Amino acid sequence: MKTSNLLLSTTRETPADAVVISHQLMLRAGLVRPLAGGLYNWLPLGLRVLRKVEGIVRDEMERAMSQEILMPVVQPMELWEESGRANDYGPELLRIKDRHGREFALGPTHEEIITDLVRKEIRSYKQLPINFFQIQTKFRDEIRPRFGVMRSREFIMKDAYSFHMDTDCLEKTYQTMFEAYNRIFTRLGLDFRPVQADTGSIGGEASHEFHVLADSGEDDIAFSTQSDFAANVELAEAIAPRSARAEATAIVEKVATPNAHSIAEVQSCLRVKTKKILKTLLVQGATEETPVVALVVRGDHTLNEIKAEKLDLVAEPFTLATDEQIFASAGCKAGSIGPVGLSIPVIVDRTAFNSSDFICGANEDDFHLTGVNWDRDAKATLVADIRNVVKGDPSPCGQGKIEIKRGIEVGHIFQLGNKYSTALNATVLNENSRAQVLEMGCYGIGITRIVAAVIEQNNDEKGIIWPESIAPFQVCIVPMQMHKSPRTEEAVMAMYKTLTEMGVEVLLDDRKERPGVMFNDMELIGIPHRIVIGERGLDKGQIEYKHRRDEKAQDIPEDEFMNFLKEKLNLA
RNA sequence: CGGGAUGUAGCGCAGUUUGGUAGCGCACCACACUGGGGGUGUGGUGGUCGCAGGUUCAAAUCCUGUCUUCCCGACCA
């Protein structure tokens with residue numbers, strides 16, 4: 001490819017509304033252009049990278065015995081009603097009607113479609129296990145698209161779905177996918193970690209997310225400082241304190257805390273540490289007998305809604321109590337609630353239950369209680385893990401302490417079980433000629449997001465630094481004064497022809513630009529290998545080479561150059 | 001959905017306070033010089049000032065509404 005035939009839309013200035021580095025560089029390098037909120041055009045250079053990512057994913061999926069198919073973006077609503085997700089999925093599901101008034105949705109994921117396909121096509125246990133994947137556009141009407149293609153509304157995803165007669169078989173495929181994912185992200189040159197994850201709205205049992213470590217990530221990942229343990233903070237267990245609770249030494253006293261409603265306000269009002277204060281939150285209960293439930297965590301901790309939601313007493317989805325309910329249950333406004341004397345169920349976090357002589361709301365506006373103790377002054381209906389882990393907590397694996405880093409979720413694998421196969425009645429005949437519901441796994445990779453994630457981890461002040469595996473071109477040739485020097489032109493064209501015939505993806509910058517412009521553009525778009533050819537070198541019988549990551553260029557004798565380059569390209 | 005910003009040429013911005021001929025840099029086009037790190041000069045192209053309505057002799061500027069984009073929040077006891 002020659003730059004004269006390529007839309008090379010680089011810009012010197014960074015568009016003002018791009019915040020993260022990958023978004024800035026994708027715009028500056030001319031990979032993508034915004035169309036509307038969360039919608040992007042992919043320009044030729046960006047698409048070349050996207051296709052490379054797809055290629056690696058496809059290659060490894062096929063190696064892992066998954067078969068490629070393609071399912072429609074537009075999906076009939078009936079299937080969503082059949083699975084029950086028409087109600088559950090909410091406003092992220094973009095619904096549309098055709099000319100006949102029939103309802104459809106733009107697919108945010110394809111569990112319903114694949115399950116429908118499989119129930120129609122697969123008849124016998126002899127055909128199982130089977131694993132299908134597709135690389136397809138998804139649409140999710142995100143609350144807040146941001147960071148360019150990192151969180152866009154339309155995006156490309158690889159999604160795979162496996163079907164099994166039993167959970168043992170599912171677990172084997174899950175493990176195969178786990179290994180395939182590790183190979184994929186390794187080939188993509190990413191610094192990543194598999195982490196234990198919550199299954200979220202998609203449902204199911206076991207689940208791992210694959211996260212690219214980057215400060216711009218939107219997820220918090222909890223790591224152990226001493227083991228391989230890694231889990232999304234949504235899931236990471238906050239283990240019970242090992243030490244016994246200290247003896248009660250104080251008596252309960254009611255103190256005025258005018259206008260102090262938040263933990264921070266109470267803290268500054270009473271001049272105590274936040275960990276001495278317990279906060280009590282009222283939420284919707286699961287049953288009519290317990291319409292409101294109290295949740296208690298320590299002032300320096302935050303409630304984990306996902307953990308809370310899983311408790312039998314707590315309504316799903318997690319919903320805070322209304323002001324009316326709070327007044328009816330506690331006799332005060334939010335901000336002055338405490339566990340003492342409440343007649344509703346009180347669920348206490350394990351760590352909060354280890355506090356003694358603590359401070360909490362007095363269930364009377366603008367008053368708090370000090371010197372409160374569990375059992376003596378307040379009863380816990382249930383003690384459970386309902387908070388987020390924080391840095392320094394003991395790791396649930398038993399080794400080391402928790403450390404928290406930001407991650408970009410680029411892959412997610414689930415053991416779904418039979419949620420969808422049951423809902424859609426996807427069965428096959430087993431050895432006994434009996435219909436049996438299928439076990440199901442699903443495995444996603446965010447293709448477009450990966451492009452951004454790679455850039456987040458591979459850039460410098462000059463621009464993008466592509467890993468070899470997904471660079472839009474492996475090599476660029478930058479000629480010096482080619483329009484004035486027939487000798488240079490001859491050498492450049494010969495090099496271009498040789499490399500092209502070798503099957504190397506080479507970009508020849510044949511624009512009549514100044515050297516500085518060409519150097520800067522090639523560095524901005526991140527081509528790994530650079531060859532400079534000019535009279536200066538030719539006079540000495542030399543050709544210049546520089547890797548994008550090299551500090552300095554080196555001059556190589558002409559007759560050794562091809563062997564030198566082959567070694568650099570791993571073609572030797 | 002709540003809060004805060006923002007919108008003027010492809011990009012980055014000034015002009016709005018105090019109403020009076022729409023500007024600058026980059027990019028783009030032409031020519032000349034230059035030629036190993038975004039060079040210089042001369043001359044150009046390009047804008048319904050987000051949109052709609054209002055006030056006024058006169059609106060980018062004041063008023064009302066509306067939309068876009070971006071940021072923060074959606075944990076608050």
Side-chain angles (χ1 to χ4, degrees), chain A residues 8-20 23-24 27-28 30 33-39 90-91 143-148 151 257 260-266 277-283 292 294-308 318-323 325-327 329-339 342 359-368 386-388 462-463 478-485 488 509 511-524 530 532-539 542 544 546 552-553 555:
Chain A
L8 197 58
S9 286
T10 56
T11 62
R12 197 188 307 205
E13 300 201 73
T14 304
D17 50 11
V19 180
V20 297
H23 189 200
Q24 294 174 354
L27 292 169
R28 283 191 57 210
R33 289 289 180 259
L35 174 66
L39 302 176
I143 298 176
R144 182 143 88 94
R146 58 179 151 180
F147 302 159
R151 180 171 293 281
T257 49
H261 304 300
S262 68
I263 290 295
E265 285 162 357
V266 174
I277 310 168
L278 298 194
K279 59 180 169 187
T280 308
L281 293 80
L282 300 190
V283 303
V292 180
L295 303 176
V296 182
V297 297
R298 229 167 61 181
D300 56 333
H301 290 149
T302 54
L303 180 72
N304 182 312
E305 291 184 16
I306 290 169
K307 290 177 181 175
F318 178 93
T319 313
L320 290 166
T322 62
D323 289 345
Q325 286 176 314
I326 292 172
F327 187 78
S329 304
C332 63
K333 291 181 189 151
S336 303
I337 311 173
L342 284 182
I359 296 161
C360 63
N363 295 326
E364 183 178 340
D365 285 340
D366 296 326
F367 285 95
H368 276 72
I386 54 171
R387 70 171 173 95
N388 286 316
K462 290 172 185 292
V478 182
M480 295 293 113
Q481 304 275 62
M482 184 164 70
H483 58 285
K484 276 191 179 171
S485 164
T488 301
D509 199 346
R511 296 174 298 171
K512 196 182 164 186
E513 281 290 353
R514 301 178 70 84
V517 174
M518 296 194 277
F519 289 147
N520 280 312
D521 272 347
M522 292 302 116
E523 279 159 347
L524 175 58
R530 186 183 79 188
V532 178
I533 299 176
E535 295 218 336
R536 186 194 287 182
L538 294 176
D539 284 343
Q542 291 175 333
E544 180 187 305
K546 182 180 175 296
K552 284 182 178 170
D555 292 318

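Small disclaimer: the values here were computed from a predicted structure and weren't measured.
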Practice prompt. Tell which nucleotide pairs with B/A9, taking only Watson-Crick or G-U wobble pairs whose two distances are both under 3.5 angstrom.
Written response: none
Discussion item. Please determine whether any donor N or O and acceptor N or O are separated by less than 3.5 Å between the side chain of A/R514 and the base of B/G35.
Written reply: no
Worksheet entry | Watson-Crick/G-U partner (both atom distances under 3.5 Å) of B/C28 | B/G44
Worksheet item: Touch check for A/T280, heavy atoms < 4.0 angstrom, all strands: base, sugar-phosphate only, or nothing?
Response: base
Worksheet entry | Distance, rounded to the nearest Å, where A/L524 contributes CG and B/G38 contributes C1' | 11 Å
Item to complete: Please determine, for the side chain of A/L281, which listed nucleotide (B/A77, B/G37, B/C70) has the closest atom?
Response: B/A77
Fill in: Residue A/K333 excluded, over 12 heavy atoms near NZ under 6.0 Å
no
Discussion item. Between the base of B/G73 and the side chain of A/R146, is one N or O donor paired with an acceptor at under 3.5 angstrom?
Written reply: no
Fill in: B/U66 to B/G46 separation - C1' atoms, rounded to the nearest Å
29 Å
Worksheet item: When you compare B/G50 with B/U69, how far apart are their P atoms, in angstrom units rounded to a whole number?
Response: 16 Å
Fill in: Length of the CZ-P vector between A/R151 and B/C71, whole Å
12 Å
Discussion item. Say we look at B/C11 and B/C63: how far apart would their C1' atoms be, to the nearest angstrom?
Written reply: 32 Å
Fill in: Salt bridge A/K484-A/E535, side-chain N to carboxylate O under 4.0 Å
no
Worksheet item: Could you give the distance from CD1 (A/I326) to OG1 (A/T280), rounded to the nearest 0.5 Å?
Response: 11.0 Å
Worksheet item: How is A/V532 classified with respect to the nucleic acid when contacts are heavy atoms under 4.0 Å: base, sugar-phosphate, or nothing?
Response: base
Item to complete: Looking only at side-chain atoms of A/A334, point me to the closest of B/A77, B/G35, B/C71.
Response: B/A77
Worksheet item: Does the pair A/R146 and A/H23 meet the rule for a side-chain contact (heavy atoms from CB on, under 4.5 Å), with working shown?
Response: CA-CA 9 Å; A/R146 58 179 151 180; A/H23 189 200; over 6 Å; no
Fill in: CD on A/E13 to CG on A/L27, rounded to 0.5 Å
13.5 Å
Item to complete: Calculate the interatomic distance between A/Q24 atom CD and B/C11 atom P; express it in whole Å.
Response: 16 Å
Worksheet entry | A/L8 CG to B/C11 P, straight-line distance once rounded to whole Å | 18 Å
Discussion item. Heavy atoms only, 4.0 Å cut-off, all strands: where does A/D323 land among base, sugar-phosphate and nothing?
Written reply: nothing
Practice prompt. Map A/P515 and A/R144 onto RNA chain B by nearest heavy atom, then report which one ends up closer to the 5' terminus.
Written response: A/P515
Practice prompt. Can you figure out which of B/A74, B/G37, B/C76 approaches the side chain of A/I143 most closely?
Written response: B/A74
Worksheet item: Using purine N1 to pyrimidine N3 plus N6-O4 or O6-N4 for Watson-Crick, or N1-O2 and O6-N3 for G-U wobble, both under 3.5 Å, which nucleotide pairs with B/C33?
Response: B/G39
Worksheet item: On a whole-Å scale, what distance lies between the P atoms belonging to B/G65 and B/C70?
Response: 24 Å
Worksheet item: What interatomic distance, in whole Å, is found between C1' of B/G12 and the corresponding atom of B/U55?
Response: 34 Å
Discussion item. Distance check, C1' atoms only: B/G3 and B/G19, in whole angstrom units.
Written reply: 32 Å
Discussion item. Please report the interatomic distance CG(A/L282) to CZ(A/F327), rounded to the nearest 0.5 Å.
Written reply: 13.0 Å
Discussion item. Regarding A/G37, tell me which of base, sugar-phosphate or nothing describes its non-hydrogen contacts under 4.0 Å with the strands shown.
Written reply: sugar-phosphate
Practice prompt. Under 4.0 Å between any heavy atoms, over every strand shown, what does A/S336 touch: base, sugar-phosphate, or nothing? Just pick one.
Written response: sugar-phosphate
Worksheet item: Which whole-number value in Å describes the distance from A/K552 NZ to B/G37 P?
Response: 15 Å
Worksheet item: What is the nucleic acid contact for A/K333, judged by heavy atoms within less than 4.0 Å: base, sugar-phosphate only, or nothing?
Response: nothing
Practice prompt. State the CD1-CG distance between A/I277 and A/D300, to the nearest 0.5 angstrom.
Written response: 9.0 Å
Fill in: Integer-rounded Å distance: B/C11 P and A/D17 CG
9 Å
Worksheet, complete the sentence: Taking B/G38, B/A77, B/G12 as options, the one with an atom nearest any side-chain atom of A/I337 is B/A77
Worksheet item: Roughly how far apart are A/R511 CZ and A/L8 CG, rounded to 0.5 Å?
Response: 5.0 Å
Discussion item. Suppose you measure atom P in B/A9 against the same atom in B/A22; what distance do you get, rounded to whole Å?
Written reply: 15 Å
Item to complete: Check every atom of B/G35, B/C76, B/G12 against the side chain of A/P15 and return the nucleotide holding the closest atom.
Response: B/G12
Item to complete: Determine the Euclidean distance between corresponding C1' atoms of B/G23 and B/G37; express it in Å to zero decimal places.
Response: 32 Å
Worksheet, complete the sentence: A/H483 atom NE2 is separated from B/G35 atom P, nearest whole Å, by 10 Å
Discussion item. Has A/T488 got a side-chain atom pairing as donor or acceptor with A/G534's backbone, closer than 3.5 angstrom?
Written reply: no
Item to complete: For B/G10, take OP1 and OP2 only and decide whether either is under 4.0 Å from a side-chain N or O of A/R33.
Response: no
Worksheet item: Under 4.0 angstrom, heavy atoms only, what part of the nucleic acid is A/R298 near: base, sugar-phosphate, or nothing?
Response: nothing
Response to the item:
Regarding the side chain of A/K484, the nearest nucleotide among B/C70, B/G35, B/A77 is B/G35
Worksheet item: With respect to the phosphate group of B/A27, does any side-chain polar atom (N or O) of A/R12 fall under 4.0 Å of OP1 or OP2?
Response: yes
Worksheet item: If you check every side-chain atom of A/S262, which of B/C76, B/G12, B/G37 has the closest atom?
Response: B/C76
Worksheet item: So what does A/I263 touch, heavy atoms closer than 4.0 Å: a base, only the sugar-phosphate, or nothing?
Response: sugar-phosphate
Item to complete: Could you check A/G335 against A/H23 and say which one's nearest nucleotide on RNA chain B is further toward the 5' end?
Response: A/H23
Practice prompt. Any strand is fair game: report the nucleotide pairing with B/C57 by Watson-Crick or G-U wobble, both distances under 3.5 Å, or none.
Written response: B/G20
Discussion item. Classify A/N388 by what it touches in the nucleic acid, base, sugar-phosphate, or nothing, heavy-atom distance under 4.0 Å.
Written reply: base
Discussion item. If I take atom CD in residue A/E13 and atom P in nucleotide B/A14, what distance separates them, rounded to the nearest angstrom?
Written reply: 12 Å
